[in-house]
Protein chains: 2
Amino acid sequence: MSTMSEAWRQASAPTLGAEESVLLQRKVRRPWPKTRKNVTRCLGFIRRQLFRVGDDWYFLFILGVLMALISFALDFTVVKLLKAHRWLFEQLEDSNLLQYISWTVYPIAMTTFSTGFSQCVSPQSGGSGIPELKTILTGVLLEEYLTMRNFGAKVVGLTCSLAAGSTIFLGKVGPFVHISSMIATYLGRIRTTVTRDYENKNKQYEMLVAAAAVGVASCFGAPISGVLFSVEVMSSHFAVRNYWRGFFAATCGAFMFRLLAVFNSEQETIIALFKTKFKVDFPFDLPETFIFIVLGIICGLLSCVYLSCQRWVIGYIRRNAFILKLVAAEKAVYAGLVTLLLASITFPGSLGQFMACRLTMKELLSSLFDHRSWGVLSQNATFNIQARVDPDNLWIEWCHPSFSFFGTLLFFLLMKFWMLILATTVPMPAGYFMPVLIYGAVIGRLVGEVVALIFPNGIKSEGILNPIIPGGYALAGAAAFSGAVTHTLSTALLVFELTGQMAHFLPVLLAVLVANAIAQKFQPSFYDGTIIVKKLPYLPKIRSVDIGSYKVTVEEFMNTNITCLDKSFSYSDILRLVSSRPDTVYPIVENSESMVLVGSVQRNEVIKFLQAHREEKCHKDKSQLEMGVNLWERCHIDPVTVQLSPSTSLHQAHKLFDLLVLQHMFVSSAGKVVGFVTRNELKKVIEDLTNGRSPAKM
Amino acid sequence: MSTMSEAWRQASAPTLGAEESVLLQRKVRRPWPKTRKNVTRCLGFIRRQLFRVGDDWYFLFILGVLMALISFALDFTVVKLLKAHRWLFEQLEDSNLLQYISWTVYPIAMTTFSTGFSQCVSPQSGGSGIPELKTILTGVLLEEYLTMRNFGAKVVGLTCSLAAGSTIFLGKVGPFVHISSMIATYLGRIRTTVTRDYENKNKQYEMLVAAAAVGVASCFGAPISGVLFSVEVMSSHFAVRNYWRGFFAATCGAFMFRLLAVFNSEQETIIALFKTKFKVDFPFDLPETFIFIVLGIICGLLSCVYLSCQRWVIGYIRRNAFILKLVAAEKAVYAGLVTLLLASITFPGSLGQFMACRLTMKELLSSLFDHRSWGVLSQNATFNIQARVDPDNLWIEWCHPSFSFFGTLLFFLLMKFWMLILATTVPMPAGYFMPVLIYGAVIGRLVGEVVALIFPNGIKSEGILNPIIPGGYALAGAAAFSGAVTHTLSTALLVFELTGQMAHFLPVLLAVLVANAIAQKFQPSFYDGTIIVKKLPYLPKIRSVDIGSYKVTVEEFMNTNITCLDKSFSYSDILRLVSSRPDTVYPIVENSESMVLVGSVQRNEVIKFLQAHREEKCHKDKSQLEMGVNLWERCHIDPVTVQLSPSTSLHQAHKLFDLLVLQHMFVSSAGKVVGFVTRNELKKVIEDLTNGRSPAKM
């Protein structure tokens with residue numbers, strides 16, 4: 001009978017939920033048991049329904065909204081700071097000297113504080129952060145780059161950098177991508193605590209990719225190009241799954257960001273950030289396509305010059321002992337000195353009057369995207385230097401009584417070229433995308449105005465007059481130059497999302513393609529260049545031009561200097577091997593004769609095991625024969641899922657490293673381990689191929 | 001001395017090019033040797049320079065231009081055919097009967113011929129072709145789908161299908177993607193012949209992906225969304241390298257396509273295909289965002305209903321013996337009968353007058369994207385049924401004297417719902433994207449007009465009046481419904497590229513996201529649904545909702561019923577094994593005790609070897625002992641680069657299959673083969689998880 005009742009109890013037990021059995025036990029003490037039961041059930045149902053959607057989407061929503069709030073707050077502060085500076089400057093109209101002091105001291109204070117503070121709090125917060133994030137996404141752990149400490153330093157530093165305005169001429173895209181990924185990491189950690197889920201590397205990766213998209217989207221309110229830009233910059237391949245996540249988060253971010261602008265009464269409704277009014281019926285004449293392509297070529301060539309100068313300057317600073325000391329030891333002083341130089345040049349009383357220096361970054365871009373032709377406008381107006389910036393006629397800033405706007409545009413290009421490179425050497429949190437975008441817009445505007453001057457009535461000057469729209473060229477120039485510098489095509493889409501019009505989409509795309517083809521042929525991208533200069537781990541692309549690369553097999557470049565852990569190794573064998581070779585991963589073989597690969601073990605796992613063993617040995621005096629067995633039981637042995645064969649091609653090996661985010665692979669021939677390949681070997685063989693050397697075994 | 005001269009000859013030989021040495025030999029007989037030498041050198045230099053760019057880009061350029069030409073020629077023919085039909089119809093104004101006959105016979109002739117011809121030439125040419133292409137891209141060989149024969153059938157059939165106009169209500173996107181990939185395959189074959197390069201599977205894959213993008217781009221002249229749409233529809237992951245290729249080819253295609261329209265004097269310059277004139281200053285009021293989201297929900301729910309009905313109907317046809325016999329045996333008759341029914345309904349004298357049936361597909365879309373509010377327009381106009389379609393006031397077609405346009409829109413939705421499903425059952429080459437896009441636009445227009453009716457002065461009716469723009473809703477509806485049906489987000493971008501304006505980009509994106517979220521939750525996409533119904537190989541996604549899926553390891557679902565080829569197997573052993581098990585791949589192990597995996601061999605390789613051996617045996621009488629060695633020497637043994645471990649998670653295995661386009665993987669534990677996993681096992685375990693069953697070993 002007792003077994004029967006036991007069986008009955010077991011059978012009936014599972015039908016009572018955990019909550020119900022608790023309720024039954026405490027039935028006497030609590031009122032309204034039925035209502036409470038129903039409420040509990042309802043809550044449980046809602047929770048289950050909510051969790052069925054997947055917590056990812058909540059996570060992405062929160063990420064998007066948070067980033068939009070940060071972006072908006074930052075913009076709000078920066079605008080206030082810039083307004084204060086402009087007000088101060090305009091109040092001191094009477095004295096040139098006081099004006100000069102206010103013009104220079106304000107940005108110097110900002111950049112010095114920005115550099116000093118961010119470097120003090122977290123030395124990793126300098127620069128844009130995209131190169132480091134790109135490295136992290138290839139699987140390298142740079143943990144200090146994603147801490148909350150770094151987040152604080154970056155936000156405060158960036159605010160100050162941006163408040164220095166167009167004097168220092170820097171943007172916010174890069175740092176925003178970085179900030180977004182820091183928030184994503186932090187939110188991810190909170191999530192694993194709440195849901196008590198184990199930390200999932202794949203999920204972290206997915207979220208970082210989405211975060212990069214949110215960063216760009218919440219900067220410009222441009223979700224689609226945000227996703228595409230981050231994909232192109234960050235990774236060499238992407239999953240459509242991540243693309244959807246990115247889209248969702250970026251849309252939340254962009255929507256929130258634009259919504260806040262409406263709530264703050266900056267705009268009446270949600271419209272594009274740099275709304276343009278180009279003619280949609282006849283945006284450009286057909287022969288103009290060639291001029292757009294020429295513009296693309298110009299932008300491509302200029303970007304090559306810019307990128308090589310940029311890298312040369314950074315290299316020079318690293319070689320020059322005096323500057324290096326200054327940059328390394330007295331970062332804030334260096335920042336102050338650079339800003340003093342830049343501010344002195346851009347002072348409206350000096351050279352600044354020839355380069356529209358009173359405009360902020362946003363005003364610069366708005367003025368360049370103007371749909372009216374400056375040539376026509378300046379014919380109908382007479383102008384003197386005005387005391388204040390006229391927000392409805394920003395283009396007047398580009399005109400100087402004794403200097404046509406062609407001169408100012410050209411002068412801007414010449415001066416900002418080296419000024420921008422100089423500004424990028426300052427180790428403070430700042431982005432380099434926006435200045436490049438504006439620089440490109442100036443190139444485009446210059447070309448557009450020249451075309452408008454040559455063909456005042458449009459190219460096909462018959463029937464209805466369709467004059468040239470120089471703003472369209474500014475659009476194409478901005479997209480082409482920024483695309484070429486960053487090696488991305490999505491800048492084409494970005495300018496459309498910024499302006500809300502797509503009338504020029506084919507010529508802009510052509511210009512971007514041409515500029516990219518030239519830039520990708522001759523120079524690594526801005527971010528790759530920084531990775532190379534900073535000596536971060538980096539896997540170069542195999543260019544299809546290197547025809548020989550298709551014939552190279554793993555056998556030719558694998559590292560054959562491999563030592564394996566034998567399953568039957570004793571404690572001292574393991575100790576000798578580990579101390580003689582500092583590899584991060586050791587292969588484990590069946591036995592030293594057959595060399596059949598059965599798994600791999602991380603170095604730190606082995607060291608942990610060795611330490612544990614030594615302690616154990618101090619306590620007890622075990623026989624050393626069991627050690628081999630112990631290694632198997634105590635260490636975490638990774639199964640070998642992916643391995644190479646000596647006949648695998650270089651391209652395939654490269655693809656595997658790239659797709660699966662690997663650091664290390666073993667090479668086995670007919671089951672026997674014969675070598676290994678890491679990213680170093682791959683990098684070396686690709687460099688050898690590019691330089692025309694035959695690949696050498698390591 | 002002879003060794004020295006030998007060495008000298010060897011050293012100098014490489015400095016003379018192959019052409020030069022030929023020239024030197026024939027020096028006497030040909031005039032102007034120097035000039036010819038120089039010309040040859042120049043040509044060689046140019047050729048080298050051209051090849052340095054990489055032949056890929058020429059290939060992509062040619063692909064883009066060819067597709068644009070085909071698309072344009074096809075459109076040109078279709079427009080002429082449609083005009084002829086309209087002319088005929090209008091000439092017969094006096095007789096209702098003759099009008100009815102001309103209205104029905106013309107499309108019946110077209111669809112019957114389309115079905116008959118394409119099914120005769122190539123039975124694979126029916127339908128859109130995207131599901132098959134998607135299957136090909138997962139690594140399954142469906143060679144007959146990419147032949148030139150199929151190409152001819154598809155082009156001719158598609159032209160006729162489109163010439164049936166809005167009666168049959170089908171589009172061209174899907175077939176164009178298919179046509180483009182056929183051309184890419186053919187061009188690839190030409191290339192391998194010209195450059196004498198070996199055929200590269202990776203390159204073929206890259207080119208197919210680019211071809212899909214070109215297909216969409218040359219249909220709509222929309223390069224960016226073309227690339228994104230093809231990515232989303234075709235693959236689950238994507239290399240940025242392919243994305244650039246796609247972009248380049250798609251831009252060439254789209255540019256050429258738009259250029260041809262200008263050369264043909266259809267347009268004055270390159271503008272968007274369905275240019276709109278929405279107000280950019282105030283495209284929509286903030287509270288309208290909610291209505292856009294509601295529209296997204298409506299579109300998402302309707303798409304679920306549509307998709308399930310679609311699959312039910314196709315399933316019903318397969319079950320119903322009579323219809324199945326008709327569809328299978330008398331395809332042309334079936335097509336004719338369906339067209340007769342559809343044409344009788346859409347005849348303007350009968351029900352067609354209530355659903356704007358006189359408009360072509362393009363005119364339908366143009367009328368729906370109209371920036372003016374039909375409510376306002378119809379107040380100012382009185383209308384009777386007009387004899388001809390007024391190309392400047394297409395909206396009048398939607399108004400009926402005794403029936404408001406709300407009625408016609410609703411009637412259109414009701415009728416076209418089942419008519420579209422019926423049309424998709426006809427096995428002729430036709431696309432299903434355009435009808436879905438128009439259907440969505442009608443949903444959006446209806447919602448927009450209702451909103452405009454409720455808020456005649458705009459929602460925030462203070463200060464400047466900003467009336468509702470119903471065209472914006474049509475845009476959002478089109479993007480949301482087509483996005484939901486195809487499970488893509490890039491339709492949002494597509495509608496902007498079609499209209500040339502991005503003023504509505506945030507609400508449209510929100511609507512698309514909401515609609516997609518609903519559709520992806522409840523239904524497989526249109527293309528996946530077709531793959532399932534057609535029983536093509538298919539790897540389902542793991543939904544993150546299936547929480548249990550994270551804990552499932554390979555051990556739980558791998559197929560342990562594995563037989564290995566031993567290195568020491570004799571001829572008869574191999575023969576017995578191969579005849580007893582029809583696997584496509586056999587693992588090769590070191591020996592049957594250790595079971596250490598050393599490689600794999602394809603079944604057809606083994607069979608080839610066995611046949612060769614039998615023939616050999618007939619000739620000579622060799623000892624059977626060497627057979628094991630022979631297998632190693634004669635068969636192509638594939639090295640095992642990727643293998644699973646029993647502890648690998650389901651997610652990781654899925655990712656490997658997906659990323660590396662694999663069909664088959666071995667599972668090995670500590671070097672020993674213990675099982676294998678194919679797409680079938682993966683599919684089964686995912687289905688088990690979705691249905692709440694615990695995974696079962698096969």
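Contact check for B:Val512 versus B:Val508: side-chain heavy atoms found under the 4.5 Å cut-off. Put simply, the side chain of A:Pro283 does not reach to within 4.5 Å of the side chain of A:Phe278, judged on heavy atoms. At a threshold of 4.5 Å between non-hydrogen side-chain atoms, the residues A:Ile469 and A:Phe284 do not count as touching.
Using a 4.5 Å cut-off between heavy atoms, A:Lys672 makes no contact with chain B at all. Only the side chain of B:Phe505 comes within contact range of chain A, with heavy atoms under 4.5 Å apart. With a 4.5 Å cut-off on non-hydrogen atoms, B:Leu513 touches chain A through its side chain but not through its backbone. Only the side chain of B:Phe263 comes within contact range of chain A, judged by heavy atoms closer than 4.5 Å. Proximity to chain A involves both the backbone and the side chain of B:Glu497, based on heavy atoms less than 4.5 angstrom apart.
With sequence neighbours excluded, the residues that form a ring pair (Phe, Tyr, Trp, His ring centres under 6.0 Å) with A:Phe248 are A:Trp57. Contacts of B:Lys275 classified as salt bridge (Lys or Arg N to Asp or Glu O under 4.0 Å), with partners at least two apart in sequence or in another chain: A:Asp281. Residues passing the side-chain hydrogen bond (donor to acceptor under 3.5 Å, both in side chains) test with B:Ser668 are B:Gln643, sequence neighbours excluded.
Residues of residues 230-237 of chain A lying within less than 4.5 angstrom of chain B, judged on heavy atoms, are A:Val231, A:Glu232, A:Ser235, A:Ser236, A:His237 in numerical order.
Across A:Asp658, A:Val667, A:Thr276, A:Leu228, the residue that shares the most heavy-atom pairs under 4.5 angstrom with chain B is A:Leu228. Most heavy-atom pairs under 4.5 Å with chain B: of the set A:Asn242, A:Leu259, A:Asn516, A:Val642, this distinction falls to A:Val642. Chain B forms more heavy-atom pairs under 4.5 Å with one residue of A:Thr648, A:Val262, A:Leu493, A:Thr499 than with any other, namely A:Leu493.
B:Ser647 and B:Ser645 share a side-chain donor-acceptor pair at under 3.5 Å.
Ring-plane geometry between B:His504 and B:Phe292 is classed as tilted, the angle between the planes lying from 30 to 60 degrees on a 0 to 90 degree scale.
With a 6.0 Å radius and a threshold of 12 heavy atoms from other residues, nucleotides or ligands, B:Tyr205 has its OH atom above the threshold.
Screening B:Phe247, B:Phe229, B:Phe496 for a side-chain contact (heavy atoms from CB on, under 4.5 Å) involving B:Ile224 leaves a single residue, B:Phe247.
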